[in-house]
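Below, read A as the first sequence line, B as the second, and so on, with proteins coming before strands; counting in each chain starts at 1.
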4 protein chains.
Amino acid sequence: MTVPAAQVFRVPMRHPGDVSGIEALFEAGAAIPAQVVAILAKTEGNGCVNDFTRAYAVQSLEMMLHRHGVTADVALVMSGGTEGGLSPHWIVFAVGEAAAPAPGGALAIASAFTRDFLPEELGRMPQIRETAAAVRAAIAQAGITRAHYVQVKCPLLTNERMADAAARGQSVATTDTYASMGLSRGASALGVALALGEVDEAALSDAVVGEDWSLFSGVASASAGVELTRNEVVVMGMAPGWGGDLAIAHDVMADGIDFPAVQRALAAAGLGAPGQLSEAQQAQAVAVLAKAEPSTTGRIRGARHIMNDDSDINATRHARALVGGVIAAAVGRTELFVSGGAEHQGPDGGGPVAVIVRR
Amino acid sequence: MTVPAAQVFRVPMRHPGDVSGIEALFEAGAAIPAQVVAILAKTEGNGCVNDFTRAYAVQSLEMMLHRHGVTADVALVMSGGTEGGLSPHWIVFAVGEAAAPAPGGALAIASAFTRDFLPEELGRMPQIRETAAAVRAAIAQAGITRAHYVQVKCPLLTNERMADAAARGQSVATTDTYASMGLSRGASALGVALALGEVDEAALSDAVVGEDWSLFSGVASASAGVELTRNEVVVMGMAPGWGGDLAIAHDVMADGIDFPAVQRALAAAGLGAPGQLSEAQQAQAVAVLAKAEPSTTGRIRGARHIMNDDSDINATRHARALVGGVIAAAVGRTELFVSGGAEHQGPDGGGPVAVIVRR
Amino acid sequence: MTVPAAQVFRVPMRHPGDVSGIEALFEAGAAIPAQVVAILAKTEGNGCVNDFTRAYAVQSLEMMLHRHGVTADVALVMSGGTEGGLSPHWIVFAVGEAAAPAPGGALAIASAFTRDFLPEELGRMPQIRETAAAVRAAIAQAGITRAHYVQVKCPLLTNERMADAAARGQSVATTDTYASMGLSRGASALGVALALGEVDEAALSDAVVGEDWSLFSGVASASAGVELTRNEVVVMGMAPGWGGDLAIAHDVMADGIDFPAVQRALAAAGLGAPGQLSEAQQAQAVAVLAKAEPSTTGRIRGARHIMNDDSDINATRHARALVGGVIAAAVGRTELFVSGGAEHQGPDGGGPVAVIVRR
Amino acid sequence: MTVPAAQVFRVPMRHPGDVSGIEALFEAGAAIPAQVVAILAKTEGNGCVNDFTRAYAVQSLEMMLHRHGVTADVALVMSGGTEGGLSPHWIVFAVGEAAAPAPGGALAIASAFTRDFLPEELGRMPQIRETAAAVRAAIAQAGITRAHYVQVKCPLLTNERMADAAARGQSVATTDTYASMGLSRGASALGVALALGEVDEAALSDAVVGEDWSLFSGVASASAGVELTRNEVVVMGMAPGWGGDLAIAHDVMADGIDFPAVQRALAAAGLGAPGQLSEAQQAQAVAVLAKAEPSTTGRIRGARHIMNDDSDINATRHARALVGGVIAAAVGRTELFVSGGAEHQGPDGGGPVAVIVRR
C-alpha cells in the first residue's frame, strides 16, 4: 500500500516555446508525464494585456504533453513578466507515490473546479462563495491540514459576456474588460480567504471587492484568463497522509521591501539564515512563489515610488522587478515565481510568499 | 582653530524640478548654501539617451542656488532612472566646520578637475592618466587616507567633436556617440582604479577600455554628459583631519544579487545586522550609493536574465530595478542612489556599493 | 491708425530646453518679445503622466521671456509626444500691427479666462458653461467671425482638491486623478462646442461628459494641467478687422486615416493639391494643429488596431504617430502640432485639424 | 492545358495565434491548402529581439497547415510590429491554375533557395552572390519579366556559429548577434539588387555592406531568422505566361513621408487617384508591402526626428508607425504589410512599396 507524494521540478527555458527541459526530465525518467498535475511558468512577456508569451507557452506545453501521451487535465498557469533579474522558468508539479507518509506530513497538491459562472456573478459574492467551496473541496480531497499556497485561475468579462448579461437584464460588476480581470482575481482571492478563515463571511459583500484592501488572503495567488468560464483551484499545503521529501511554508510581505517576511517564510520551511541562503540551502529551496503589486498609496515606507505614474513601464512590471530583487537577496537565485496583479492577495503593496523545500 | 566637517542631507523630491526640500533646509538653517559642494540626485527619467529629467533637475537646481546667492561651482550629478521601488531624491553634500577632528577620522569630500580633453583622448590612455592625476590631487587636498566612493563626470564624443578630430587627421575611439559614453565612463573608472592602485598601469592600454572587464575600480561611479569637455572628480573617503559625525565605507557586489556584499558594506560602516537594518540603523544610514549593470553573459549565477534581450525596456533599467530591490532588502528603504552604466566600475554584472553613516 | 495683425513663427528645437531659436527671432527683430501672446510646442516626452519635458520647456520659456523683459501673461501650451516622424518644435504667436485690415479679414488671436473652479465643478456643467462664456468673450474682443481653433488649458482634480470638496460635503466627477484630466478636457471641449453652436445646451448635462462621444467640437483642443485652477482659452479665427498676411481654416478628421479631411482643411486655407503640397505650398503652410485619439471601438474602418491593448506603448502615442503620418503625407513636413487626448474634440477616433497659412 | 495563376488573400487576425480566418478560407473552398506557397503576416509584437509573436504565429500556422494536410514547404514570413494604426493580418499566397495567360501577363510567384552558408560568408560577398543566383533562378522558373517585390529570409550569426568559424580560423563580419541581422539583411538585399541590375557587381564588396547606403534594391524586403542556415527567396513580379486577375507594381519611397511615391506605385498598378483611393479602388488593392526605417541622419527633409534617440520605443517602431500612416493616407486602409529593418532596401530613411491589385 502506498501514499501520494508530490514532486516539484524547476526547469529553465530559453524562450517561451522552449519545453525541451521538461521533455528531458521525461526522457530521463525523472518525471512521469502521466503524473504531472500542474505546470507554472514565468515567461518573458510584459505580463499585461498584449503578453502573448503566455499563450505561446501554453500552446507549446499542450503540444508537448500530447506528444507524451498526457490526456488528463493539467493546470497550466503562465505568469508573464521577468523584470529586473527574474529568470524565465517552468515549475512542474507531479504526484507520484511513496511507501509511507513522511513524519510530520509532506507537501500535498490538489485541484478543484467551481461550476461555470454567469457574467453577472464575476467579481461578486457568487464567485467568492463558489471559490471558497472549491478550495474546501480540494483541501478535503488531499487531506491538507494547512494550506500555504492557493493558485486560482479565473474568468474575466468580455464584451460578448457583458452583452449576454445585458440581454438577460443583468448588470455586471464593471463594463471595463481590463478592470474585470482585477475584480475576478480579487473575488477569487477573497474566496480563498473565506475558505481558510482569513476573512469572516459577514465582512464580505459585492462592494468590498476591489475596494477594501484590508480584506485579503495571505496564501492566494490568482490570475485571470479569457479562455475560462469557471475558477480552477490548485491548493498546496501540508498533509499528514502524504509522503516524499518536500514541504511548504509561507509568510506575507507587508510591503514590497519586506525582506524579514521572506526570511520568515524560508525559516518556516527550515531554511533559517542570517542573510542570504547558503549554497546548500539554495539547493533545498526548490521553488519560491510570490505576488507583487505597487502600493496604491504611491509610497513605500513613506518614500515616493513612481510605479503608478510611469506611462512607459506598467506599474506591475516595476513591482515584479522590485520584489524579485528583494526575494533574490534572500534566496540567492533569480528563478523565482513572482507574479503581479495581487488584488486581495496580501495587503496593499505587499503579498504572499511561499517556499517549497526539499528536506 | 577648526577642521572641515562634511554634511550630507537626503531630501525627497516630488518631481525633477522640485527643489523645495533643499530650500527648506536652507531656510531652516540646517544647511548653509555657501557650504554646498555637490548635489547628487536620482530622477525619474529613463536614465538613457532621451532622459530630460536630468537637465530639468539641473536647471531647477541652478536657479535655486542662484536665488540663494551661491556663486561657487557646485558639482551636480543627476542620475536618471528610479525603476522598481527606487525613490527620487536629492543628496546634498556640504562642507562646514568642526572644532576638532573626529576620533579615527571622518567623511571627507574633495573635488578636482582634469584639463580639457581632445576628442581623440576620450576613452583612451590620456583620459585614464589625467583622471588618475585628478583623483590623486583631490585625495591629497583633503588628506583622505582611504577613498570609498569616487564620482566622475566625463565628456562624450559628439558629431562636432568627431569632425574636429577628423579635421586634424586624428582617429577617435568610436564613431558612435552612444558608445562613446560607455568608453568615456570606462576610461574614467580605470583612471580611478589607477590612482587607487586597484589596477597596475602596465595592465592598461587603449585596447582594454570597454573590452577587458576584469580590470575595474571598486569605488568609481562615472557618468557622461554632453556639456563637459574635461573630467570632474568628487572623491569621498575617510580623512583623519576631518570632523563631524559622518563616516563612509564600501564593498563590491560581485553580481546583481550580491546581498552579502551589501551587508558587508553596511557592517564596515558600523551597521551590522542579521537581515534588514533595524529602524534605528536605518536612521543612521544617511546615504547609499551603488552602480548597477546587466551582466554581459546574460546570466546571473547561471540563470538566464532577459535584460539584454528586452527591446521594450532598456537593460540598464532592469539592472537598476534589480539592484535597488537587493539593496532595499538590506537597508529597509528605497531612497537609494543606484546608478547605471557601470563599465569598469565593479566586475561584469556587479558594482560598488558605498554607505555613508551617522555615527 | 492701425489694426492688429497676427504673426506666427514655427521654430525648431534641439531639446525641450532649447529656446535659442526663439531668442534668435527676437535678436533678429523678426519677433518682438512684448508682442508674444502664446507659445505652443511639441516636446519629445511621452505625452502622458510622467512627461517632464513639458514642465522643463515651460521653465526654459519663462526664464527666456524674463530675460527679454516680457512681463505680461503669455499662454504656454506644451504638448508632449513626437512619435513616428513628428518633429519637436515651437509655434510662437504674436500680435503686432498693420496699416489696414486685410481684404476678407485675417487670422485673429484672442485670450480669455474663466473664474476659478471649485473641485466639484470640474468635468461638469459649470465648467462647460464658464468655458463657453470665455470663448464668447474672446471672440467678441477680437471681432472673430469664424473660430477655427480653440486651445483650452484646464485644471484637473488632485487629491488635495478632492479632499477640499469632501470637507465641504461635495462630490466630485471622479476620484481618479488621471480620469479627471479627461473629464476636464471633455467638459472644456463641450464648452467650446456650446459657445460655437456645435452642440445644443439642451443636449448637455453632467452625464454626457466622457460618455456621449456623438457630442463634440470640431475646433477645440484641450489640455489639462495641474498648475491651473481656471480655464485659459485662446481662440484663433478669421476677423474682418485684422491685418497681416495670415489666414486659418479647419476641418474634422472622421477617423485616424481621414486624409481627405486634411486635404479639405488645406484647400479651405487656399492650399488645394492633388496629393502632397508642392514646395511652394509647404512654405505657405505656417502651422498645422490637430488632435489625435485611438478609437474606443478598437477599429479603424473595420480593421483592428492594437493601440488600446498595448501595455508597452500608451494608446495616445500610437495615435499621434498615425495621425502625424497621415498629415505629413498631405503637408510634406513633420513639424506638425499633433496632440493627444481628444475627448469631445472631434468624433471618436478622429479630431480637428486646423491650418494657418501665409497668403 | 492550363497556366499557373496566383491568388492572394488578406485575412485579419485577432491575435498572433488566430489562424481561424485562413481555415475559414480553406473550409469555404476559396483557397486550396495544397496550393499555398507563402504566408506573410504582420503580428503585434515589438518587431525587435524579444518579439515572440512571430514564433507563436509560425507555430500556429504549422499546426494548422498540418491539420489541413499540407506537407510541402510553405514560406512563412512573420513581420512583428503594428505600431500607429497598422492592423495585424495574414497575407496568403497560393498558386492555382487558369485556362489561359492574362493579357499583358499577371502576378507570378516563385521561390528559390541558396546553399547553406558558412558563418564567415554572412553579410559578405558570398551571401550577396548566392542570393543573386537564387533570385535569378526563381525569376527564370516563373518566367518573370519584371520583379516588383523580393522577400528574402536569411540567417544570422549566433554565438555557436561564431565559435564554429573561430575554430576553423575564420573571421566573421561582426561578433554582435544583433548587428549580424542587419548585415545579413543588407547583403541579401544587395544580392537582389545585383540580380536585378540595380547595382553593378563592381561596386560591391564586403566593405560596402552596412556602410554605403547609396547602394540598394528598390524591390527587396529581407528579414533575418535564427532558424535558417540558407537564404530563402520569394520573388513576385509580372510574368506573361501567368493567368488570373492579379497584377503587381512598385515604387521607392525616398523618405518616410514620400506620399507621392506611394501614389506612383498605386497608379502603376492601375489605381491612380487624386488623394486617397476610392472605396472601389480600395477593394482592388489586395495587398500593400513596404519597408520602413528611421533615417540615420536624424532628419526628415531637414526636420529633426527623435526615433534614434528614444530609449523607450525602438526606432524601427516609430518608423513603421510613420510609414503606416503615410501609406494608409493613400490607400484608405490600415491592413498594410509595413516591415522594419530596411538595410540596402531602398535609400536611407526610405524604402520600397509594392502593390498587388485585382484588375
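Put simply, of C:Ile313, C:Ile306, C:Asp312, the one with the most heavy-atom pairs under 4.5 Å next to chain A is C:Asp312.
Surrounding CZ of C:Arg168 are more than 12 heavy atoms belonging to other residues, nucleotides or ligands, all under 6.0 Å away.
Using a 4.5 Å cut-off between non-hydrogen atoms, the part of residues 43-52 of chain C that approaches chain A consists of C:Asn46, C:Cys48, C:Val49, C:Asn50. Contacts of residues 207-215 of chain A with chain C at a heavy-atom distance below 4.5 Å are absent; not one residue qualifies.
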